[in-house]
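Counting convention: from 1, in listed order, for ligands and their atoms alike.
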Amino acid sequence: IRDISGTKELEKLKKLDKMKMEFLSMISHELRTPLSAIKAYSETLIDSIEMMDTETLKEFMNTIYKESLHLEALLNDLLDFSKLELKSLKLQKEKIDINELLKEIIKSTEESAKSNNIKVIFEDNTKPIMGFIDKTRIRQVFLNLIQNAIKYFDSKKEKPEVNIKTTEDEKNIYVSIKDNGIGIDSKHHQKIFEKFYRVDTSLTYKVQGTGIGLSIVKDLIEMHGGSITIESSEGIGTEFKITIPKGVD
Ligand code: ADP
């Protein structure tokens with residue numbers, strides 16, 4: 001047994017431990033928010049459903065549904081995170097069209113983009129780009145990146161935009177997800193892929209998150225033999241470039 005007391009290794013372990021504790025308290029808080037909403041709205045329904053008109057009823061049910069989706073997404077993140085930690089996640093690859101998948105994902109984020117007046121542009125996506133990949137996992141990768149591009153938008157920009165572009169060569173699929181949002185200072189660029197890491201500024205403190213999204217994204221891409229890089233400047237915007245090997249079929 002090696003004595004690691006007082007070493008850098010111990011410092012690192014201590015830091016990781018602290019981050020895990022912070023993460024646990026944050027995730028509990030994150031889970032509590034949608035749960036409280038679901039509870040409050042259903043309580044009101046139970047108490048006064050007879051007095052409600054159809055319009056209000058629909059609005060209530062909609063909120064409950066949306067908050068459940070949010071809760072589900074948080075739990076999925078948490079579950080994946082622990083699976084990746086335990087290295088027990090197995091990919092289930094199939095041949096799919098990445099452009100088709102992206103269109104589907106963009107559609108599912110339409111509403112949140114619209115509510116912030118953000119235009120999501122998918123350039124030149126008519127031709128199929130086929131790859132042998134795990135559809136569920138790669139959906140999660142792009143959903144995460146597109147959701148981030150939307151949620152870290154810059155309210156000062158006249159035309160908030162997210163641009164998505166796909167290209168290919170013989171071996172690889174290349175996807176770029178570019179936004180003109182708040183951007184990230186270069187000192188954070190490597191750290192944002194670490195577990196639990198969140199940029200803490202006056203622009204980000206109101207945005208909900210757990211800091212594990214990008215670490216899951218990176219792990220899932222690397223499990224496919226691919227890579228992800230970032231280009232970003234504070235106040236300008238962020239671009240994530242992803243390379244995924246097409247794989248064998
Ligand atoms: P979170 O749950 O906090 O969004 P992520 O792991 O997805 O966690 O991202 C880590 C951090 O990177 C975020 O807290 C945010 O500060 C920064 N970030 C990620 N994507 C973007 C983006 N498109 N624009 C600006 N900042 C971003």
Side-chain angles (χ1 to χ4, degrees), residues 16 19-20 22-34 69-85 102 105-106 108-109 112-113 116-122 137-157 159-165 175-223 227-242:
L16 202 66
M19 283 167 99
K20 278 191 182 165
E22 283 168 3
F23 172 71
L24 275 179
S25 83
M26 179 182 50
I27 196 91
S28 318
H29 174 78
E30 287 276 318
L31 291 170
R32 199 186 291 271
T33 313
L69 289 183
H70 183 52
L71 204 56
E72 189 182 29
L74 279 170
L75 285 170
N76 279 340
D77 258 14
L78 203 65
L79 205 65
D80 280 342
F81 170 67
S82 63
K83 268 197 218 154
L84 287 167
E85 281 280 277
L102 277 165
I105 297 167
I106 291 165
S108 76
T109 58
S112 62
N116 289 317
N117 265 326
I118 300 164
K119 213 166 153 189
V120 181
I121 301 156
F122 188 14
R137 299 302 160 196
I138 291 300
R139 175 189 287 118
Q140 202 181 351
V141 164
F142 292 125
L143 184 63
N144 231 306
L145 292 171
I146 295 169
Q147 277 173 343
N148 275 352
I150 292 171
K151 81 180 177 180
Y152 295 105
F153 80 107
D154 185 352
S155 57
K156 291 194 289 296
K157 300 267 160 64
K159 288 183 185 155
E161 256 180 32
V162 180
N163 273 278
I164 299 156
K165 208 164 127 184
V175 183
S176 149
I177 296 169
K178 188 177 176 180
D179 63 64
N180 61 356
I182 57 172
I184 306 165
D185 189 275
S186 60
K187 68 175 182 234
H188 302 291
H189 285 187
Q190 287 319 307
K191 290 198 185 128
I192 54 162
F193 293 106
E194 287 173 12
K195 292 176 207 102
F196 320 125
Y197 191 84
R198 304 198 70 213
V199 178
D200 188 13
T201 68
S202 59
L203 292 172
T204 56
Y205 85 100
K206 267 195 262 158
V207 185
Q208 285 193 345
T210 56
I212 57 174
L214 283 181
S215 77
I216 294 175
V217 162
K218 188 163 186 275
D219 280 347
L220 290 175
I221 292 173
E222 286 174 356
M223 281 177 84
S227 60
I228 177 165
T229 59
I230 174 175
E231 280 167 37
S232 182
S233 309
E234 223 172 7
I236 310 276
T238 305
E239 178 175 15
F240 285 100
K241 289 181 179 167
I242 299 102

How does [X] reach ligand 1, if at all, at less than 4.0 Å between non-hydrogen atoms: by side chain, backbone, both, or neither?
X: Leu145; answer: neither
X: His188; answer: neither
X: Thr238; answer: side chain
X: Ile184; answer: side chain

I'd like to check which ligand 1 atoms, numbered from 1 as shown, lie under 4.0 Å from a non-hydrogen atom of Gly211. 1 (P), 2 (O), 3 (O), 6 (O), 8 (O)
The atoms of ligand 1 lying under 4.0 Å from a heavy atom of Ala149, numbered in the order shown, are 23 (N)
Can you measure from CD1 (Ile216) to CG (Asn144) and round to the nearest 0.5 angstrom?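 So the gap between those two atoms works out to 7.0 Å.
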Rounded at 0.5 Å granularity, tell me how far CD1 in Ile182 sits from CZ in Phe153.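 It is 10.0 Å, given to the nearest 0.5 Å.
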Identify, for [atom], the protein heavy atom at the shortest distance, and state residue, atom and that distance.
atom: atom 10 (C) of ligand 1; result: Tyr197 O, 3.4 Å
atom: atom 2 (O) of ligand 1; result: Thr210 N, 2.7 Å
atom: atom 12 (O) of ligand 1; result: Ile192 CG2, 3.4 Å
atom: atom 23 (N) of ligand 1; result: Asp179 OD2, 2.9 Å
atom: atom 7 (O) of ligand 1; result: Asn148 ND2, 2.9 Å
atom: atom 4 (O) of ligand 1; result: Tyr152 OH, 2.7 Å
atom: atom 6 (O) of ligand 1; result: Leu214 N, 2.8 Å

Answer yes or no: are there more than 12 heavy-atom neighbours, outside Lys157 itself, under 6.0 Å from its atom NZ?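 More than 12 within 6.0 Å, yes.
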Is it true that, when you exclude Lys195 itself, more than 12 heavy atoms of the residues, nucleotides or ligands shown sit nearer than 6.0 Å to its NZ?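 No, because the 6.0 Å sphere around NZ of Lys195 holds 12 heavy atoms or fewer from other groups.
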What do you reckon, does [X] have a nitrogen or oxygen under 3.5 Å from a nitrogen or oxygen of ligand 1?
X: Ser215; result: no
X: Gly209; result: no
X: Gly183; result: no
X: Arg198; result: yes
X: Phe240; result: no

Evaluate the ring planes of Phe240 and Phe193, with Trp represented by its six-membered ring, and classify them as parallel (under 30°), tilted (30 to 60°) or perpendicular (over 60°). perpendicular
If only atom types and distance count, is the side chain of Asn116 paired as donor or acceptor with the main-chain N or O of Ile118 below 3.5 Å?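 Not a single qualifying donor-acceptor pair exists.
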Donor-acceptor pair, distance only, cut-off 3.5 Å: does the side chain of Asn180 make one with the backbone of Lys159? yes
Which atoms form the tightest heavy-atom contact between [X] and [Y], and what is the distance?
X: His70; Y: Pro34; answer: CD2-CG, 3.6 Å
X: Thr238; Y: Gly183; answer: OG1-CA, 3.5 Å
X: Asn163; Y: Glu161; answer: ND2-OE1, 3.2 Å

Between the side chains of Gln147 and Ser112, is a donor N or O closer than 3.5 angstrom to an acceptor N or O? no
